[in-house]
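Numbering of ligands and ligand atoms starts at 1, following listing order. Heads up: numbering here begins at 1 and tracks the sequence.
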Amino acid sequence: MKHLPRLGINIDHIATVRNARGGAHPDPVAGAYAAIRAGADGITAHLREDRRHMRDDDMVRLQQLCVSENIPLNMEMAATDEMLKIALDLKPKAVCIVPERREERTTEGGLDVDAGHNHITPIVRELTENGSRVSLFIEAVDPQIRAAARTGAAVVEFHTGAYAHALDDGSDEKAKDYLATFVKSAKLADELGLEVHFGHGLTFDNVGEIAAIPECMELNIGHFIIGEAIFLGIDDAIAEMRRIVTEARPS
Ligand code: PXP
């Protein structure tokens, strides 16, 4: 039987649409419930410092939903004191530490774990001791992978944004280079005892090659799925992503 990567659905952009009008609709927690019914293996949500999409009470309601559905909530957060306190209180099954800049449109680039080792390591330890499985969102390069392993984190998530952009721009050679790096880096991370996830900018068109990497244990996908749900409905958008991932996976 094929070992399939888990599909984590990031529901941030349901909250983006809600916040455009400032009311309660569409409710990202109702969206998470729909994603779970449609076969999501996990729900991912990023509580940003500026609360541009998810809000504190969303995270509490998401955690309640995920616990009752026995589905992991993966909280994405910056390595700040404020977020650490929230995550320690919330106790999500998983936490993914990401870099964050107020002026960015989305998470641009990976976390510099190599330079930030002394700051990140105690946060990883506290979250892990509190029962969350910690992931670090990094670029797939040797020094970051080795630094991630030294923090004691259980997981690395490789940033696929630049790969997705290269394909969008028609830079196929560049995309091929990124892919080769992912393959090599996934092996290294696995050898160092890290579980390997991938995320950012993944679509029906570019997910296959990533899903085919044998060490890939989880994919976290948000913007494209939520956007495609407008046309297909969330059930069919998730089902189609699942179909492509399943087909791409080596047997
Ligand atoms: N993984 C991480 C760590 C992210 O920060 C994001 C974006 O919030 C995603 C995955 C999902 O990216 P996208 O919305 O482009 O699918």
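- Within 6.0 Å of CG in Asp57 there are more than 12 heavy atoms belonging to other residues, nucleotides or ligands.
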Point to revise | Residue pair Asp114, Arg150: steps toward the salt bridge (charged side-chain N to carboxylate O under 4.0 Å, His left out) verdict | key: CA-CA 9 Å; Asp114 198 18; Arg150 287 197 302 274; 3.7 Å; yes
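- Between Phe158 and Phe182, the ring-plane angle classifies as parallel under the 30° and 60° cut-offs.
- Annotation: side chain of Arg48 is not in contact with side chain of Met54 (no heavy-atom distance under 4.5 Å).
- Geometrically, ligand 1 and Glu157 share a nitrogen or oxygen pair separated by less than 3.5 Å.
- The shortest N or O to N or O distance between Cys96 and ligand 1 is not under 3.5 Å.
- If you number the atoms of ligand 1 from 1 as listed, the ones under 4.0 Å from a heavy atom of Asn220 come out as 10 (C), 11 (C).
- A side-chain donor-acceptor contact under 3.5 Å links Arg55 and Asn19.
- Residue Glu195 places its CD atom among more than 12 non-hydrogen atoms of other residues, nucleotides or ligands, all under 6.0 Å distant.
- Below 3.5 Å of separation, one finds an N or O of Glu76 facing an N or O of ligand 1.
- Near Ile221, meaning under 4.0 Å from one of its heavy atoms, ligand 1 places the atoms 16 (O).
- With Thr44 as reference, Asn220 is the one residue of Asp12, Asn220, Asn10 to meet the side-chain hydrogen bond (donor to acceptor under 3.5 Å, both in side chains) rule.
- Contacts between His159 and ligand 1, counted as non-hydrogen atom pairs separated by less than 4.0 Å, are absent for every part of the residue.
- Heavy-atom contacts of Asn10 reach the following atoms of ligand 1: 8 (O) (cutoff under 4.0 Å).
- Atoms of ligand 1 lying under 4.0 Å from at least one heavy atom of His223, given by number and element, are 13 (P), 14 (O), 16 (O).
- Shown in contact with Val98 at under 4.0 Å from a heavy atom are these atoms of ligand 1, numbered in order with element: 3 (C).
- Each of the atoms 12 (O), 13 (P), 15 (O), 16 (O) of ligand 1 lies under 4.0 Å from some heavy atom of Gly201.
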